[in-house]
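Report on the structure given below.
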Amino acid sequence: MLRVGLTGGIGSGKSTVAKIFEVFGIPVYYADESAKEIMNSDDDLRTAIIEHFGIEAYSGNKVNRKFIADIVFNNPEKLRLLNSLIHPATMRNAEQWMRKQQKPYAIKEAALIFESGSEKFLDLVVGVSAPEMLRISRVMARDEISEQEVRSRISNQMDEDRKMNLCDMWLINDEQQPLFPQVYELHEKLLVIAEKKPT
């Protein structure tokens, strides 16, 4: 089975693209959603997060996302530390999930594929790109936050051009070029690549 990464900067629309792949019957592993679950269910990860961020990092059995977000969004070092704790657990979980899939290919949707080193466990990576101002307006509307807050988040991510240059294939989600036909064409290409991949 072909292992495909799907990535893009905040507001690029990679989740929208992932949903289109699901319409075609392709299984998608959503790394960010899975990470939230793993932070609650993985005892070793919970212990490490409390050790580094304090007992307030959890409220009952649930991770206190706002408490942690307030710490990491303005502190790149703390953000790197948090990611260094979460990424290995999420990568293990994704690997287990991938092994169970029965389709010609499966997708791992994640913002931080290259930052986490996940690309080493994937056959190829698809990038979703969109103009920066469009990305900012999407996130402002989605999360009800200011432009400055969005720009702060963008500054914590890999440069968009650099990220796209590391990808093997690309989709443009600029609201000018129809997205569905692009994803369908890519789906057909991936089926062909998957068929040729040695088992």
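Only this structure's heavy atoms are used, side chains among them; waters, hydrogens and symmetry mates stay out. Positions are given from 1, in the same order as the sequence printed here.
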Side-chain heavy atoms nearer than 4.5 Å, only ILVMFWY residues, links allowed to pass through others: does that put [X] and [Y] together?
{"X": "Y30", "Y": "F24", "result": "yes"}
{"X": "I113", "Y": "I38", "result": "yes"}
{"X": "L124", "Y": "M98", "result": "no"}
{"X": "F121", "Y": "W97", "result": "no"}
{"X": "L179", "Y": "V28", "result": "yes"}

Can you tell if the side chain of [X] reaches within under 4.5 Å of the side chain of [Y], non-hydrogen atoms only?
{"X": "V72", "Y": "F53", "answer": "yes"}
{"X": "V139", "Y": "I145", "answer": "yes"}
{"X": "E160", "Y": "S129", "answer": "yes"}
{"X": "I68", "Y": "L82", "answer": "yes"}
{"X": "L171", "Y": "V126", "answer": "yes"}
{"X": "L166", "Y": "M158", "answer": "yes"}
{"X": "L122", "Y": "V125", "answer": "yes"}
{"X": "H87", "Y": "R92", "answer": "no"}

Taking the side chain from [X] and the backbone from [Y], do they hold a donor-acceptor pair closer than 3.5 Å?
{"X": "T7", "Y": "A110", "answer": "yes"}
{"X": "W170", "Y": "M164", "answer": "yes"}
{"X": "N173", "Y": "A130", "answer": "no"}
{"X": "Q157", "Y": "R153", "answer": "no"}
{"X": "D42", "Y": "D44", "answer": "yes"}
{"X": "S41", "Y": "E37", "answer": "yes"}
{"X": "N93", "Y": "Q96", "answer": "no"}
{"X": "S84", "Y": "L81", "answer": "yes"}

Shortest non-hydrogen separation from [X] to [Y] and the atoms involved:
{"X": "D32", "Y": "A111", "result": "OD2-CB, 4.4 Å"}
{"X": "P178", "Y": "Q182", "result": "O-NE2, 3.2 Å"}
{"X": "V63", "Y": "M39", "result": "CG2-CE, 3.5 Å"}
{"X": "N40", "Y": "K62", "result": "OD1-CA, 3.3 Å"}
{"X": "E149", "Y": "S146", "result": "OE1-N, 2.9 Å"}
{"X": "G11", "Y": "R135", "result": "O-CG, 3.6 Å"}

From [X] [atom1] over to [Y] [atom2], what is the distance, rounded to the nearest 0.5 angstrom?
{"X": "I86", "Y": "M91", "atom1": "CD1", "atom2": "CE", "result": "13.5 Å"}
{"X": "I49", "Y": "Y58", "atom1": "CD1", "atom2": "OH", "result": "3.5 Å"}
{"X": "L190", "Y": "I107", "atom1": "CG", "atom2": "CD1", "result": "7.0 Å"}
{"X": "E188", "Y": "I193", "atom1": "CD", "atom2": "CD1", "result": "11.5 Å"}
{"X": "N75", "Y": "D70", "atom1": "CG", "atom2": "CG", "result": "12.0 Å"}
{"X": "L2", "Y": "Q101", "atom1": "CG", "atom2": "CD", "result": "13.0 Å"}

- Item | Residue pairs, two or more places apart or on separate chains, that pass salt bridge (charged side-chain N to carboxylate O under 4.0 Å, His left out) and touch residues 104-120 | E115-K163
Quick check: are there more than 12 heavy atoms from other residues, nucleotides or ligands sitting under 6.0 Å from [atom1] of [X]?
{"X": "E185", "atom1": "CD", "answer": "no"}
{"X": "E77", "atom1": "CD", "answer": "no"}
{"X": "R65", "atom1": "CZ", "answer": "no"}

- Query: Considering the options R3, K197, H187, which one meets the side chain to side chain donor-acceptor pair (under 3.5 Å) requirement together with Y105?
  - Reply: H187
- Message: Can you tell whether the side chains of K66 and E56 come within less than 4.0 Å, N to carboxylate O?
- Response: no
- Task: Would you mind checking if R46 and E51 are paired as a salt bridge, meaning a charged N to carboxylate O distance below 4.0 Å?
- Result: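 No.
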